[in-house]
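The structure appears right after this line, and notes come after that.
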Amino acid sequence: MKTTADIRRDFLRFFETKGHQIVASSSLVPENDPTLLFTNAGMNQFKEVFLGQDQRNYKRATTAQRCVRAGGKHNDLENVGYTARHHTFFEMLGNFSFGDYFKQDAIQYAWEFLTSAVWLNLPAEKLWVTVYETDQEAYDIWNKTVGVPAERIVRIGDNKGAPYASDNFWQMGDTGPCGPCTEIFYDHGEHIWGGPPGSAEEDGDRYIEIWNVVFMQFNRQADGTMLPLPKPSVDTGMGLERISAVLQHVNSNYDIDIFRRLVAKAADITGTVDLKNKSLNVIADHIRSCAYLIADGVIPSNEGRGYVLRRIIRRAVRHGHLLGAKGAFFYQLVPTLIEVMAEAGNELKDNQALIEKLLRQEEEQFARTLERGLVLLDEALAKVENKVLSGEVVFKLYDTYGFPYDLTADICREKEIVIDQDGFDRAMEAQRQQAQAASNFGIDYSNVISVDGETCFEGYSESESLGKVLAIFHDGKEVERLQAGQSAVVVLDNTPFYGESGGQIGDSGRLESQSAVFAVKDTQKYGKVFGHIGELLQGELVVGQSLNAAVDSQRRAKTALNHSATHLLHAALRQILGTHVSQKGSLVSDSILRFDFAQPEAISKAQLNAIEDLVNQQIRANLPIVTEIMDLDAAKAKGAMALFGEKYSEQVRVLSMGEFSTELCGGIHAKRTGDIGLFKITSEGAIAAGIRRIEAVTGANAINWLHQLQAVIQQSADLLKADSNSLVEKIQQLQERNKRSEKELQLLKEKAAQQAGNNLAKQTQTINGVQVVLQKLDGVEAKSLRIMVDDLKNQLGSAVIAFASVSDGKVNLIVGVTNDLTAKVKAGELVNLMAQQVGGKGGGRPDLAMAGGAQVENVAIALASAKTWLENKL
Ligand code: SER
């Protein structure tokens, strides 16, 4: 029987024999596509190729693409694990033609792969197909060329209530590439309920769609217009888990080899005997999305992608707890996952330490709040009327206890209670508006700037060149001309200005004609054009006019040093800490470089010094910095480090510094490493679980930094009347002296407290014949209070003493009762009563009890209530 890994390999090999290039799966984090939360289809990485905006050196490609379909507002995460085919993570097998073959070959390839004895060998009579209602061409190919009988070909029209809204018309989103499709179904047999596609029973499990073959023909515009694509193309997608279920003769995806192994391991770790328990499916599914998301650079957080990841982890953790798991368990599935994913697990292997560390941390953190949140939820559920849980409660759980919506929904589902979703949405929206009001957005041009044409970047060799104004944007709109004093984004056809990318900031400088001067503060890329952001200082700018564009070369040169040093740092980190170090973020400006990277452990001082030494050693080696343009494959063969999440075109720019560092990079660099002069790390620390940040300076900035450091040392030495050699010794002496003084001070305070106590003893009042001291004190610490109470007890022999002292903005309460009175008055009860008045809680022994509170303004009330209480008790 074929394993899932066999099927993946077969698919890629089959299409390779048909002239397709095997292309690696792209990251789950889509590059440059804000319309998409996660990669959800094989075609995502080729979107621009379909649209004719990007070209590759192949016309046919095949992939096994990792996909995540989770997220969005209220997705069906809570169903995952309970149904046979819902997953958060799955792999999509696909073949693609970019203006090469079309319907005829696409259909025949699919049929051959599925039915040929050499490949999957599925019985033809078990396969059904659908075509778009009006697609006679596809119908004829199936019927006449392939020979599928008419009774197993179903035409599906616009069955979703609008033109082109059909199960057989595939669109990537509201806009973008789309076209009619033909789908192939597998009939699992009579013993399972369900009907063929298009019938009333189509939702049953008998006929399952296994392959979608899309004939990409249009680029859908936001207003619904369908523009033809430059060339008709093909995009297909087959769910690997589904086809494995077919070939392994099981009805549920959870029964295929991969999931059986994961379920068994999850059962083992959680001590579960019943392998059919659905919580095991949930865990087996979720470990896949969570591990791959982390490998692709997503970190659990409270927003965006990180929040989806957090939700999935938390759901898995709760199901582990339902199974009775003790302690962190989820991360322990990672080694098994890596094994079962075979070749597709390489990304996981490279990031294993980080994945395990992050999962474990997240799990431990959540376990702490889970219990408290569950108590609250149980209470709320007990009070539920009409089986509807209030949206406000769900929001509070989310906001205060980190219970994601779907987690609460999951728990409710087990108890057949529904959530008032509108109420939740309202509470969420209210919070969102508050947050938005608090932030102040500038004009965002990213959706406004759309210019025909392209900016040619000349900045690798030039810092000054001539350019023609292609477009001007002012006040959020496109304009023809610009007047002095106005700020704008100016688009040129040629520019030496570097547009912010790859962490490197955009260039600044000037655009000038004979009469006009436009000061450029920043440069950004908008699709294929570069926008120069700034203000027209004098004259007038008009579209079509030519300008001299001159970059601020000094600022750029400093930036270049920082960029080159970043590459050296990246390579040094991998040498000293290990190859698990991968870039998670970077900022290269003219003043500093900042580098964020995956590193689960803290970095020791010695390691940090070694990193800094290694970088400086490479600087002194004065290696030439060489750029070459080559094929992506050649670059990878050369060992070039490609950065996570970056999308590279087929031709890439490879930057090498001797043997020490080879990276793909589009940035501006120094000529030799020696130009950097000096590299100095200025700070290092953790910024999120498993992610650390180094900041450093180079060149003149580094020297400046040292000057400042020296000045601080000098100043300190002057203040201490020391020189830099005896500075540390002087500070130690000072500290010791300080410690002694503090001790002396403490003794004095205690003495003073005793003294005060003596005075207070004279201020006793008598309540029902018992001596009582009720007193507010200022600035007496808890320790001194105890001494005072003990002393007073001795002096008075028989008494109730209560003090409220305000110190450091907090209230300290103490009650002492002599033993003869504890039958009537318990110090613990009295102190608790007082604490409640100041917003605190407390208790203790019957003869001595302490408490604290925060409401300083209520001290008088606390003392008054103590008095009333004593009047009743004594
Ligand atoms: N893009 C299509 C899908 O996602 C075919 O790959 O179904």
Side-chain angles (χ1 to χ4, degrees), residues 7-8 11-12 14-15 18 20-26 28 30 33 35-51 60-72 75-76 85-103 105-107 109-111 113-114 128-132 135 138 156 159-160 164-186 197 202 207-220 226 229 232-243 253:
I7 301 168
R8 188 192 297 117
F11 184 90
L12 297 175
F14 171 81
F15 281 100
K18 304 287 181 198
H20 290 64
Q21 166 91 34
I22 300 179
V23 177
S25 168
S26 62
L28 285 171
D33 192 348
T35 62
L36 207 56
L37 191 62
F38 295 118
T39 298
N40 62 12
M43 57 77 62
N44 292 166
Q45 65 166 317
F46 302 117
K47 178 179 171 187
E48 283 163 7
V49 188
F50 285 119
L51 294 175
R60 299 173 171 216
T62 180
T63 60
Q65 175 65 48
R66 49 182 182 277
C67 298
V68 163
R69 289 190 183 171
N75 65 91
D76 48 8
R85 271 171 293 278
H86 273 104
H87 296 293
T88 53
F89 173 95
F90 66 99
E91 283 179 272
M92 188 184 278
L93 304 172
N95 58 289
F96 308 92
S97 151
F98 309 114
D100 188 10
Y101 61 84
F102 200 43
K103 298 188 185 179
D105 287 343
I107 290 177
Y109 288 154
W111 191 255
F113 180 66
L114 291 176
W128 286 60
V129 296
T130 58
V131 296
Y132 190 50
D135 192 353
I156 306 270
N159 58 350
K160 293 181 176 169
Y164 302 115
S166 163
D167 285 335
N168 276 62
F169 193 94
W170 195 85
Q171 14 204 347
M172 186 183 169
D174 295 337
T175 59
C178 57
C181 61
T182 179
E183 295 186 329
I184 305 172
F185 286 71
Y186 182 80
E202 66 174 3
Y207 297 85
I208 297 301
E209 182 216 325
I210 51 174
W211 202 340
N212 185 12
V213 178
V214 184
F215 308 120
M216 289 289 195
Q217 269 171 292
F218 307 105
N219 178 8
R220 190 188 164 104
M226 296 286 192
L229 287 183
S233 298
V234 172
D235 149 37
T236 89
M238 172 154 65
L240 176 59
E241 297 75 9
R242 283 191 186 192
I243 190 69
N253 290 1

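Below, all heavy atoms of this structure are taken into account, side chains as well, without hydrogens, waters or symmetry copies. All ligand and atom numbering here is 1-based and tracks the order in the structure. Just so it is clear, the model here is predicted, and its values are computed rather than measured.
Residue contacts with ligand 1: Asn40 is placed with no nitrogen or oxygen under 3.5 Å of a nitrogen or oxygen of the ligand (distance criterion only). Remark: ligand 1 and Gly237 share an N or O pair separated by less than 3.5 Å (distance only, no angle test).
Centroid-to-centroid, the aromatic rings of Tyr207 and Phe185 stay 6.0 Å apart or farther. Checked against the 6.0 Å centroid criterion, the rings of Phe113 and Tyr109 do not qualify as a close aromatic pair.
Residue Val214 has at least one heavy-atom neighbour below 4.0 Å for each of these atoms of ligand 1: 2 (C), 5 (C). Close approach of ligand 1 to Asp235 (heavy-atom distance below 4.0 Å) involves ligand atoms 1 (N), 2 (C), 5 (C), 6 (O). Annotation for ligand 1: atoms under 4.0 Å from non-hydrogen atoms of Met92 are 4 (O), 6 (O).
Residue contacts with ligand 1 leave out Met172, since none of its heavy atoms falls under 4.0 Å from the ligand. For Arg69, the closest heavy-atom approach to ligand 1 falls below 4.0 Å.
With respect to the salt-bridge test (charged N to carboxylate O, under 4.0 angstrom), the residues Arg220 and Asp174 do not qualify.
Between atom CZ of residue Phe215 and atom SG of residue Cys181 there is a gap of 8.0 Å, rounded to the nearest 0.5 Å. Rounding to the nearest 0.5 angstrom, the gap separating the CZ atom in Phe50 from the CG atom in Asp235 is 5.0 Å.
With a 4.0 Å heavy-atom cut-off, ligand 1 is reached by the backbone of Thr236 but not by any atom from C-beta on.
More than 12 heavy atoms of other residues, nucleotides or ligands lie within 6.0 Å of CZ in Phe102, so this atom counts as buried by the packing criterion.
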